[in-house]
Amino acid sequence: MDKELSYGDDYHYLPITSIKSGVGQEVTSDLFCLTIQIVNVIFIGQPNSDNWILVDAGMPKSADTIIAASEERFGPKSKPKAIILTHGHFDHVGAIVELIDHWGVPVYAHELELPYLTGKQNYPDPDPTVEGGLIAKMSPLFPNEAIHLGHHVTKLPSDYTIPSMSEWRWIHTSGHTPGHISLFRERDRLLIAGDAFVTVKQEYLYDVISQKPEISGPPRYLTTDWQAALESVRSLEALKPLIAITGHGLPFAGEILTHSLKQLADEFDRKAVPRYGKYVN
Ligand SMILES: [Zn+2]
Ligand SMILES: [Zn+2]
């Protein structure tokens, strides 16, 4: 492996999972969502086509699972045109080094996320004191050191396009992290929200294990700018998505999505912002 391709020193497997781990769901004919332990990775592209991309890169040590799922969907030895990262948290880049090594494809992220992906800056420490359940308490175990992708990662095009996917646009949805992005396709109002909002209460172990569906703000223990997080949820709500796939939890669609996303935007202070924690002022 080349030298500029490695994880931080605190990288490790996390034995935390959910009943949906390993379960894949075809959300539209050209979008497949695979749950790895507690996080979703998304394959965009028609089955058996060679024009597809991967959104996010799963939990630590999940590269074999992601590659197997991609070969099942797109054919043996198939590889994506690119990997797009919604952000660089450990549960969204857990297999990125092995995937780059295996596929040799470019990775794209927002410019403001690049310091965390190129060894320049660590993420702030997760906050175990934040209001929330057991996962928040466990969060000091989560890797937060910058990873090293060197020249393998580049900033997303500044015209909001997604390389190789002409129908898709990226939207800057900061708050959870500075360079967090979501992806949107106007044609069917399909939203990939990343962790800008999620569809399971990510702080609560029981909810995560059972994947109890509920629209919730960004995972609290890692969110550092709540004002920006609110503005991001408002901008996603204004898009009036018909289907939303988030970083954690099940896809949401239709009336329940419209209603609960509006409620989250309207009552963000009460529903999303923790009452206490070190990143709340
Ligand atoms: Zn995150
Ligand atoms: Zn996440």
Side-chain angles (χ1 to χ4, degrees), residues 24-36 39-46 49 51-58 66 70 73-74 80-89 91-93 96 99 105-114 117 153-199 215 218-219 228-229 231-253 257-258 261 264-265:
Q25 188 174 355
E26 193 168 68
V27 179
T28 63
S29 67
D30 68 345
L31 191 147
F32 184 73
C33 175
L34 175 69
T35 305
I36 296 186
V39 74
N40 297 322
V41 298
I42 296 157
F43 302 86
I44 304 177
Q46 292 293 347
S49 124
N51 192 46
W52 63 278
I53 60 168
L54 180 72
V55 179
D56 283 346
I66 295 173
S70 76
R73 186 162 174 86
F74 299 105
K81 295 283 190 220
I83 301 170
I84 312 292
L85 297 176
T86 60
H87 62 304
H89 279 155
D91 50 336
H92 299 254
V93 300
I96 192 79
L99 293 179
V105 300
V107 178
Y108 294 92
H110 191 278
E111 192 171 11
L112 294 175
E113 210 67 6
L114 296 182
L117 301 169
V153 64
T154 26
K155 74 177 178 102
L156 282 157
S158 29
D159 61 1
Y160 305 102
T161 54
I162 301 287
S164 308
M165 284 292 141
S166 60
E167 294 182 316
W168 289 84
R169 294 289 175 273
W170 63 265
I171 305 149
H172 188 199
T173 44
S174 67
H176 182 58
T177 67
H180 188 285
I181 62 147
S182 305
L183 289 80
F184 188 65
R185 180 166 69 184
E186 181 76 34
R187 170 164 63 81
D188 48 4
R189 312 198 80 72
L190 180 48
L191 173 69
I192 297 173
D195 285 358
F197 67 90
V198 297
T199 54
I215 291 222
E231 282 154 26
S232 294
V233 165
R234 280 191 182 141
S235 64
L236 295 180
E237 196 274 331
L239 295 171
K240 305 289 175 203
L242 292 176
I243 308 174
I245 301 148
T246 65
H248 305 272
L250 299 168
F252 264 50
L257 170 64
T258 310
L261 187 53
L264 181 67

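This structure is a prediction, so every number in the text was calculated from the model and none was measured.
In summary, the side chains of Asn51 and Ser49 do not present any donor paired with an acceptor at a separation below 3.5 Å, with no hydrogens or angles considered.
When every heavy atom of Ser182 is checked against every heavy atom of Leu191, the shortest pair comes out as CB-CD1, 4.2 Å. Nearest heavy-atom pair, Ala244 versus Phe197, reported as atom, atom and distance to 0.1 Å: CB-CZ, 4.0 Å. The heavy-atom pair separating Arg73 from Ser29 by the smallest distance is NH2-O, 3.0 Å.
Panel note: side chain Trp170, backbone Ala109; no donor-acceptor pair is recorded below 3.5 Å. No donor-acceptor distance shorter than 3.5 angstrom exists from the side chain of Ser174 to the backbone of Ala228, with no hydrogens or angles considered. Side chain of Asp195 to backbone of Pro219: no donor-acceptor contact under 3.5 angstrom is found. In this structure, the side chain of His89 does not engage the main chain of Asp91 through any donor-acceptor pair within 3.5 Å. Within the 3.5 Å criterion, the main-chain N or O of Pro178 finds no donor-acceptor partner in the side chain of His87. Although no hydrogens or angles enter the test, the distance criterion places a donor-acceptor pair under 3.5 Å between the side chain of Asn40 and the main chain of Thr246. Side chain of Glu113 to main chain of Gly88: a donor-acceptor pair is present (N/O by atom type, distance under 3.5 Å, no hydrogens or angles).
Within the 4.5 Å cutoff, the side chain of Leu31 has no heavy atoms near those of the Ile243 side chain.
Taken from CG in Leu190 to CD1 in Ile42, the straight-line distance is 8.5 Å, to the nearest 0.5 Å.
With Thr173 as the fixed residue, the side chain to side chain donor-acceptor pair (under 3.5 Å) test singles out one of His180, His110, Glu231: His180.
Atom CD of Glu26 sits in a crowded spot, with more than 12 heavy atoms from other residues, nucleotides or ligands closer than 6.0 Å.
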